[in-house]
Amino acid sequence: NAGVTQTPKFQVLKTGQSMTLQCAQDMNHNSMYWYRQDPGMGLRLIYYSASEGTTDKGEVPNGYNVSRLNKREFSLRLESAAPSQTSVYFCASRVPGQHYFGPGTRLLVL
Amino acid sequence: AQSVTQPDIHITVSEGASLELRCNYSYGATPYLFWYVQSPGQGLQLLLKYFSGDTLVQGIKGFEAEFKRSQSSFNLRKPSVHWSDAAEYFCAVGAREYGNKLVFGAGTILRVKS
């Protein structure tokens with residue numbers, strides 16, 4: 001039981017490049033979330049998926065897209081990376097009462 | 001709009017001293033509340049949570065928090081801090097009415113002096 005896993009752990013992109021951050025959970029949770037963490041701002045919700053087949057915008061969705069591929073996987077895509085997207089990205093899944101967070105992906109956009 | 005305020009960006013305490021980290025929230029629904037801790041370069045670990053019932057909740061690592069509805073606060077406390085408690089602490093609020101999404105405070109960085 002690995003919990004919530006994220007790949008890659010670290011990535012460097014050039015402005016304008018695209019990439020997909022992968023997230024998977026093996027706990028059979030319905031709800032999954034993508035947050036970004038920036039110094040002095042805590043974690044902010046980018047997108048979430050209440051169940052397989054549904055996705056909704058969070059607080060800071062601009063510049064991102066998501067796919068809930070199946071119940072296990074929830075990916076985050078940057079179509080054209082910008083320096084403002086330099087951040088640490090956390091995926092989470094949820095059961096009533098608790099969110100489970102992945103280890104994070106550190107993204108640097110040059 | 002929902003918001004969480006952690007007024008202290010940094011706090012320094014001596015090892016063995018008591019600790020209180022403040023958290024205030026503004027929420028349009030009955031909230032449930034969390035405290036998470038994050039060590040440098042690591043993910044988030046849940047310290048404790050409040051949903052209902054007894055307003056004083058106990059968590060891991062000797063931490064406790066008290067929910068005060070009248071003050072919209074959920075302050076985290078520890079009677080005696082250890083050097084290993086040095087980390088960043090986040091208060092978070094959620095509600096079923098808002099899709100169970102968490103809103104986080106900006107965090108408080110705790111330094112422990114030996």
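These numbers come from the heavy atoms of this one structure, side chains and all, not from hydrogens, waters or symmetry mates. Please read all numbers here as calculations on a predicted model, not as lab measurements.
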For this session: Tell me, for K101(B) versus chain A, whether the close heavy atoms (under 4.5 Å) come from the side chain, the backbone, both or neither.
Result: both
Seminar exercise, completed: Residues of residues 93-110 of chain A with a heavy atom under 4.5 Å from any heavy atom of chain B, in residue-number order, are R94(A), G97(A), Q98(A), H99(A), F101(A), G102(A), P103(A), R106(A)
Exercise. Under a single-linkage definition using a 4.5 Å side-chain heavy-atom cutoff for Ile, Leu, Val, Met, Phe, Trp and Tyr, are V37(B) and F63(B) assigned to the same hydrophobic cluster?
Worked result: yes
Problem set entry | For T108(B), all residues meeting side chain to side chain contact (heavy atoms under 4.5 Å, CB included), sequence neighbours excluded | Q6(B), D8(B), I11(B), L21(B)
Exercise. Is there a donor-acceptor contact under 3.5 Å from the side chain of Y35(A) to the main chain of L102(B)?
Worked result: yes
Problem set entry | Shared hydrophobic cluster, L110(B) / W35(B) (ILVMFWY, side-chain heavy atoms < 4.5 Å) | yes
Exercise. With chain A, which of L46(B), N100(B), I9(B), I109(B) has the greatest number of heavy-atom pairs at distances under 4.5 Å?
Worked result: N100(B)
Exercise. L47(B) and V93(B): same hydrophobic cluster, using ILVMFWY side-chain contacts below 4.5 Å?
Worked result: yes
Exercise. Is any residue of residues 48-70 of chain A within less than 4.5 Å of chain B by heavy atoms, and which ones?
Worked result: Y48(A)
For this session: May I ask whether I46(A) and V4(B) are part of the same hydrophobic cluster, defined by side-chain heavy atoms of I, L, V, M, F, W, Y residues being less than 4.5 angstrom apart, directly or through others?
Result: no
Exercise. So which bits of residues 71-92 of chain A come within less than 4.5 Å of chain B, counting non-hydrogen atoms only?
Worked result: F90(A)
Exercise. Looking at A106(B) and G40(A), what are the two nearest heavy atoms and their distance?
Worked result: CB-O, 3.3 Å
For this session: For the residue pair L44(B) and L43(A), establish whether any side-chain heavy-atom pair is separated by less than 4.5 Å.
Result: yes
Exercise. Do L76(B) and Y27(B) belong to the same hydrophobic cluster, where Ile, Leu, Val, Met, Phe, Trp and Tyr are linked whenever their side-chain heavy atoms lie under 4.5 Å apart, directly or via other members?
Worked result: yes
